[in-house]
Amino acid sequence: MKVKVLCRNPDDYVRETKRDLQRVPRNYDPALHPFEVSREYTRALNATKLERVFAKPFIASLDGHRDGVNCIAKHPKSLSTVLSGACDGEVKIWNLTKRECSRTIQAHDGFVRGLCVRFCGTSFFTVGDDKTVKQWTMESPGYGEKVEPIRTILGKTVFTGIDHHVKEAVFATCGQQVDIWDEQRSTPMRSYAWGVDSISSVRFNPIETHILSSCGTDRSIVLYDKRKPTPLKKIILEMRTNALCWNPMEAFIFTAANENFNLYTYDMRYMDSPVKVHMDHVSAVLDVDYSPTGKELVSASFDKSIRIFPVHSGHSREVYHTKRMQHVTCVKWSADNKYVLCGSDEMNIRIWKANASEKLGVLSPRERAAHNYNQKLKEKFQHHPQIKRITRHRHLPRSIYSQIKEQQIMREARRKKDVNRRKHSKPGSVPIPSEKKKHVLAVVE
């Protein structure tokens, strides 16, 4: 018969003196300590590496236009419908699930300058170089029927942009001035002019729906209230603003895409300096759009790339480019927060994932749990040097990479020049302007 006897050595658990620490037995088996910091760090590192391995953001290209794509509009009721206008006056309606064009309309002579869908989704408006605003039905005409607009308004000057009110039968156009139109009338309800230069873009605020903003070629951004006969406020920047977009979740916040390679996020109550400057592009920023959550924005640039910025970050978290993609003229974020669409000079519309490594399709509960756990791990260890380096690393085209280096040298040279000027001047005579305030020249009430 075998007898097993428990044997305990008092040296393993008894203190030698009263002042000693209590001896605690520990089992170092990894299976018993799955959430130890060193093991979680390894998991976070692996998750970060796998995220970069599986980052394949490009989904599809929609080709069919015969000239460069100039503007894109989302459908407010249908996720799978997108409209695009080209430089040859052609408007196409796309079905994104089938990735094909469902309808083509020869809308204007010359460029299609602006495109917007009515809030109910039954019709859409276009403006072009032929000085007309046209309203079209979303439904395809019956067999043998001619494609005709529902209404046509002939303006006195060329229209350069259009946007529709979120809830009412009202739309705004811009050109030599900003006009607000009722859909039932052929003359504008209100007209606003401040300065002599033309206005390139106009946008309604989706929350404070009476407010709208515009940007002009005289480097100005102007705010209007459609209940008032005169504009509210105007700021003049160092360089021209190409496009504007309001945050869909924060009523006072909007972002402007500027010619000086930066984007400026403003609070319309405090226009003397921007809330945040987003700076990563190496050429003029041509368009900007917010995600439906209001937490991120996407920008399109003349440097043949698009970038995704978190709202509170000055630098982009993602940059998308392809060898064939030329100057990107317009960009939109899909209403389900999953995709980004961009139109460029070489006649294509491209569909990208908003999160480059996201798995498309239905996730099983285990996959979702693992994904959520990995996200939390990456957040927890995001400031560790190795994880930070892997997360930030992106391959860039040689042209963009060399321009970034060149601009760093120029920025450093300007900084040294300012330091030397301050060093050899009377103390306090050369002020130190903040990065936010240096680009705003004037605020006019």
Side-chain angles (χ1 to χ4, degrees), residues 194-197 199-201 213-223 231-244 252-286 288 297 299 301-303 305 307 309-317 319 383 385 388-389 392 394 396 398-445:
W194 194 346
V196 291
D197 281 20
I199 294 153
S200 54
S201 175
S213 61
S214 73
C215 56
T217 51
D218 59 350
R219 302 169 297 156
S220 65
I221 297 172
V222 188
L223 295 178
L232 297 176
K233 198 181 281 188
K234 174 181 184 177
I235 57 166
I236 298 167
L237 301 177
E238 217 173 28
M239 292 183 81
R240 185 163 65 102
T241 300
N242 290 314
L244 291 164
F252 305 113
I253 305 295
F254 67 92
T255 298
N258 204 276
E259 281 278 325
N260 67 352
F261 318 163
N262 296 342
L263 295 113
Y264 298 99
T265 298
Y266 281 96
D267 187 324
M268 71 175 186
R269 299 166 295 181
Y270 315 107
M271 299 278 278
D272 52 338
S273 72
V275 178
K276 183 61 75 175
V277 181
H278 310 278
M279 41 198 295
D280 262 345
H281 281 293
V282 293
S283 195
V285 190
L286 301 180
V288 61
L297 55 98
S299 62
S301 174
F302 199 77
D303 63 14
S305 70
R307 287 183 183 266
F309 294 85
V311 167
H312 300 298
S313 169
H315 294 282
S316 60
R317 71 159 174 86
V319 54
H383 298 297
K388 191 175 182 181
R389 181 184 63 80
R392 289 182 57 199
R394 295 289 180 277
L396 292 169
R398 189 184 292 274
S399 59
I400 294 179
Y401 185 78
S402 58
Q403 278 177 293
I404 288 172
K405 293 289 179 197
E406 192 178 323
Q407 283 177 18
Q408 282 173 352
I409 293 165
M410 289 160 69
R411 207 175 293 126
E412 183 59 25
R414 279 197 296 269
R415 190 193 65 80
K416 278 184 184 173
K417 192 173 182 179
D418 284 348
V419 168
N420 289 338
R421 189 178 287 129
R422 234 167 260 121
K423 199 187 289 180
H424 296 93
S425 301
K426 185 181 171 185
S429 63
V430 182
I432 305 174
S434 71
E435 185 61 39
K436 288 180 179 179
K437 290 191 176 182
K438 66 164 75 165
H439 300 291
V440 180
L441 298 183
V443 181
V444 188
E445 294 287 342

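Here the structure is a predicted model, which means the values were calculated and not measured. Just so it is clear, the values below take in all heavy atoms, side chains as well, and ignore hydrogens, waters and symmetry mates.
In this structure, His439 and Tyr264 have tilted ring planes: the angle between them lies in the 30° to 60° band.
For Ser429 (side chain) and Lys426 (main-chain N/O), a donor-acceptor pair under 3.5 Å exists by modelled atom type. Using modelled atom types, no side-chain atom of His278 and backbone atom of Asn262 make a donor-acceptor pair closer than 3.5 Å. No side-chain donor-acceptor contact under 3.5 Å links Arg307 to the backbone of Leu297. Judged purely by atom type and a 3.5 angstrom limit, Ser213 has no side-chain atom pairing as donor or acceptor with the backbone of Val222.
Distance check: Leu244 CG to Ser200 OG gives 7.5 Å after rounding to the nearest 0.5 Å. Rounded to the nearest 0.5 angstrom, Arg414 CZ and Glu412 CD are separated by 10.5 Å. Within the model, atoms CZ of Phe254 and CG of Asp267 stand 9.0 Å from one another, a figure rounded to the nearest 0.5 Å. Taken from CD in Glu445 to CG in Leu223, the straight-line distance is 9.5 Å, to the nearest 0.5 Å. In this structure, the separation between CG on Asn260 and OG on Ser283 is 11.0 Å, given to the nearest 0.5 Å. Distance check: Glu238 CD to Arg219 CZ gives 8.5 Å after rounding to the nearest 0.5 Å.
Across every non-hydrogen atom of Phe309 and Gly314, the tightest pair is CE2-O, 4.1 Å. The minimum heavy-atom distance linking Pro433 with Lys438 is given by the pair CB-CB, 4.2 Å. Residues Ser301 and Ala284 come closest through the heavy atom pair OG-O, 3.0 Å. In this structure, Lys233 and Met271 approach most closely via the heavy-atom pair CD-CG, 3.5 Å. The two atoms that bring Thr241 and Cys215 nearest to each other are O-SG, 3.5 Å, heavy atoms only. The two residues Lys276 and Val311 make their nearest non-hydrogen contact at CG-O, 4.0 Å.
Annotation for Arg269: atom CZ counts as buried by contact number, over 12 foreign heavy atoms lying within 6.0 Å. Phe302 CZ: 12 or fewer foreign heavy atoms inside a 6.0 Å radius.
Of the listed residues (Ile253, Thr255, Val275, Ile235), just one forms a side-chain contact (heavy atoms from CB on, under 4.5 Å) with Tyr266, and that residue is Ile235.
Between Leu263 and Val288, the closest side-chain pair of non-hydrogen atoms falls below 4.5 Å. For the pair Gln407 and Val282, the minimum side-chain heavy-atom distance is below 4.5 Å. With contacts defined as side-chain heavy-atom distances shorter than 4.5 Å, the pair Leu232/Met268 does not qualify.
With 3.5 Å as the limit, one finds a donor-acceptor pair spanning the side chains of Ser299 and His281.
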Practice problem: Starting from the C-alpha separation in whole Å, work towards a yes-or-no answer on side chain to side chain contact (heavy atoms under 4.5 Å, CB included) for Leu237 and Asn258. | Solution: CA-CA 9 Å; Leu237 301 177; Asn258 204 276; 3.3 Å; yes
Self-check item: Trace of the side chain to side chain contact (heavy atoms under 4.5 Å, CB included) decision for Lys234 with Asp218
Solution: CA-CA 11 Å; Lys234 174 181 184 177; Asp218 59 350; 3.9 Å; yes
Quiz item: Please walk me through it: do Asp418 and Arg421 pass salt bridge (charged side-chain N to carboxylate O under 4.0 Å, His left out)?
Solution: CA-CA 5 Å; Asp418 284 348; Arg421 189 178 287 129; 3.3 Å; yes
Quiz item: Stepwise, does the side chain to side chain contact (heavy atoms under 4.5 Å, CB included) test hold for Val285 with Asn242?
Solution: CA-CA 7 Å; Val285 190; Asn242 290 314; 5.7 Å; no
